[in-house]
Protein chains: 2
Amino acid sequence: MGDRPSYDRKLLQILRDAAGVFAEKGYHRASIRDISAATDVSLSGLYYYFSSKEELLFLVQNHCFGTLLARLEEDLGQTTDPAARLRIVVRNHLHFFLDNMEEMKVLSHEADVLTGKYRETIQRRKRSYADTVHGILSELRPADGPDLRTATFALFGMMNWIYTWYNPDRDLRAEEMEEELLHLFLNGFLAPRNRRSDGEGGDSAPMEHSSIWRSG
Amino acid sequence: MGDRPSYDRKLLQILRDAAGVFAEKGYHRASIRDISAATDVSLSGLYYYFSSKEELLFLVQNHCFGTLLARLEEDLGQTTDPAARLRIVVRNHLHFFLDNMEEMKVLSHEADVLTGKYRETIQRRKRSYADTVHGILSELRPADGPDLRTATFALFGMMNWIYTWYNPDRDLRAEEMEEELLHLFLNGFLAPRNRRSDGEGGDSAPMEHSSIWRSG
DNA sequence: TTGCCGATCGAACGCTTGTACGGTTCCGGT
DNA sequence: ACCGGAACCGTACAAGCGTTCGATCGGCAA
C-alpha cells in the first residue's frame, strides 16, 4: 500500500461497505449505484478507488483472504505438531469467518465470477490454503485412513457452509463452534476404518454398528 | 402436472437446459437470451412455459428438490433404525447430487434470490428436509453429544460444498464418497466428548461406542 | 494570490436486460 | 374446408446497467 493513510482508510471502508452490499444482494444483482448509496460516495467518485466493478470484487476478496492468511501463518509458526496445527486452522478460519461474515460470504459465494488475472490470483491463494490443510491432514492421517482430498474439502465444506445458516442470536460462538467442528471432524478422520465386512476378524469393530457400516 | 406429455417433456428439457446455464453463469448473469440459445426456443417462445425469469428459477429448484425428496421418502420408508436412515439420507443426497450436479448447484448456490411465495415454498421444503435429518441425528445422539443444529448443518455443509470442488475424473464415485463422508461424520458424531481432541489419548476411541448402541 | 493536484461530483452514453404484444404456424375435431 | 386453441415467434420498449468525461472543490506550496 502507498503512503496515504486517508486514502487507505477510505478504501478499506469502501471495501467493507461493498462487501455488505455484495453479501446481501449478490455480486451481479448489486449495482455500483447501490454501493454508492452504501458508501455515501458518488457514483463516479467511486471510480477513483477502483477501475471497474470486477476489480472492486477482487479487492474485497483479496483483502479479506489476505488478512485471513496472514493471521493463519502467524499462528501456525507456533508449532509443528499436526494436531495442534489443525486446531489452529479451524480456530483461525471460524473466528475470522464469524467476525467477518459478509466478506467471507462474498469470498465463498462469488468464487467463480472473477476472470483473468483476478481469478488466477484468488485461486492460487485458495489452492495454497487448501494445500496447507491437506498437508496437515496427510501428517495426521492414520494408515488406511480417509481419502485426503475428500476429507480436506469436507472440512472446508463444514466451515464455509456456515454463512448459509448461522444466526448469531441462536447459534454457538466461535470458541464453541471450534470445539464442535474439530471434535466432529477429528474423531471421524482418526477413527479406524472397519473395512469390508467379509473379513470376520472383527477385532475392534463393535457388532452393533453393522447396520451402518455395511451397505445394503 | 396436467395431461400433456409433449408439453411436460419439453418443459422438463427447458428446466434441464436452464439449470445448465444458471449453474455456469449464475442466475443473475444468465439472460433469458442465453437460455433461449441453450434450449433452441425463441426468446418470447420461452414465456409460454413460464411467466417470468424468477418463476423459471423456482421451477428448476422446485422440480430438482421435489424429486430429491420423493426418492428420499421412498427409501426412508424401508426402515426406522436411525443409523440406517442416516445412511439412506447421505446415500440419496450424494447420489442425486453427483448425478444432477448442475441442478443441485443452482439449488444450493442461488438459495436466496427467490422472493415472496416462491421463496417461501423452497425454504419450507428445505426446512422440512433439515428437520428430517435433525430428527434422525437426535435419535442417534449420545448423551452429552454434539450440538444438534451445528452437526446437522455440518453434515449438509460437507455434502453441499461438493459442487465447488468435485471433479468426476479425479474424485471418488458416489458410493465411495458415501462411505467416506458417513465414516467421517458418524465417528465424529458418536465419539465421546470428554477426550481432548488435540491431545494424545493413546487409546482408540470406538470401543466406548458400544454402550450407546446396546439398545438398538 | 496563483498554480497545482488529489479527491470528488453531475450528467450523460451505449448497451443489455426482462418483459409485453401482436401476429403466425401447427393440428386435431367437426 | 374450417375453426379454435395450443405452440411459437419477431420486434419493440422502458428501465437499469457499468463506465466515461469534463468540471469543480479544497488544501498546500511558491
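Quick note: numbers below take in every heavy atom, side chains included, and nothing from hydrogens, waters or symmetry partners. By convention in this document, chain letters (A, B, ...) are assigned in the order of the sequence lines, proteins followed by strands, and residues within each chain are numbered from 1. Worth saying up front: this structure is predicted, and the values here are computed from it rather than measured.
Listed nucleotides: C:dT8, D:dT19, C:dG18. Nearest to the side chain of A:Tyr47: D:dT19. Set against C:dG18, D:dC8, D:dG18, the side chain of A:Ser31 has D:dG18 as its closest nucleotide. Considering only the side chain of B:Lys53, C:dT19 comes nearest among C:dT19, C:dA7, C:dA12.
B:Asp34 places its CG atom 13 Å from the C1' atom of C:dG18, with the value rounded to the nearest Å. To the nearest angstrom, P of C:dG10 lies 12 Å from CG of A:Leu46. The NE2-C1' distance, from B:His28 to C:dT16, rounds to 15 Å in whole Å. At whole-Å resolution of the value, CG in B:Leu56 and C1' in C:dT17 are 15 Å apart. If you measure from atom CD of B:Glu54 to atom P of C:dT17, you get 18 Å, rounded to the nearest angstrom. Rounded to an integer number of Å, the gap from OH of A:Tyr27 to P of D:dC17 is 13 Å. Spacing between atom CG of A:Asp8 and atom P of C:dG6 amounts to 15 Å, rounded to whole angstrom units. When rounded to the nearest whole Å, the span between CZ of B:Arg29 and P of C:dT16 equals 12 Å.
Contacts of A:Tyr7 with the nucleic acid, taken as non-hydrogen atoms under 4.0 Å apart, involve only primed sugar atoms and P, OP1 or OP2. Across all strands, A:Ser52 comes closer than 4.0 Å only to sugar-phosphate atoms, never to a base (heavy-atom distances). Residue A:Leu43 is in base contact, counting any heavy-atom pair closer than 4.0 Å across all strands shown. A:Tyr49 comes within contact range of the sugar-phosphate backbone alone, with a heavy-atom separation under 4.0 Å but no base atom that close.
The 5' end of DNA chain C is approached more closely, in terms of each residue's nearest nucleotide, by A:Ser42 than by the other of A:Ser42 and B:Phe50. Nucleotides of DNA chain D nearest to B:Ser44 and A:Ser44 differ in position, and the one nearer the 5' end is that of B:Ser44.
Between the side chain of A:Tyr27 and the backbone N or O of A:Glu54 there is at least one donor-acceptor pair closer than 3.5 Å. With hydrogens and angles ignored, the 3.5 Å screen pairs no side-chain donor or acceptor of A:Glu103 with any backbone N or O of A:Cys64. Between the side chain of A:Ser108 and the main chain of A:Lys105, no donor-acceptor pair closer than 3.5 Å is present.
Side-chain atoms of B:Arg33 come within donor-acceptor range of the base of C:dG18, with a qualifying N/O pair under 3.5 Å.
Under 3.5 Å, the side chains of A:Tyr129 and A:His93 contain a donor-acceptor pair of N or O atoms.
A close approach under 4.0 Å does not occur between any side-chain nitrogen or oxygen of A:Tyr48 and OP1 or OP2 of C:dT8.
Residues A:Tyr49 and A:Tyr7 place their aromatic rings such that the two centres sit under 6.0 Å apart.
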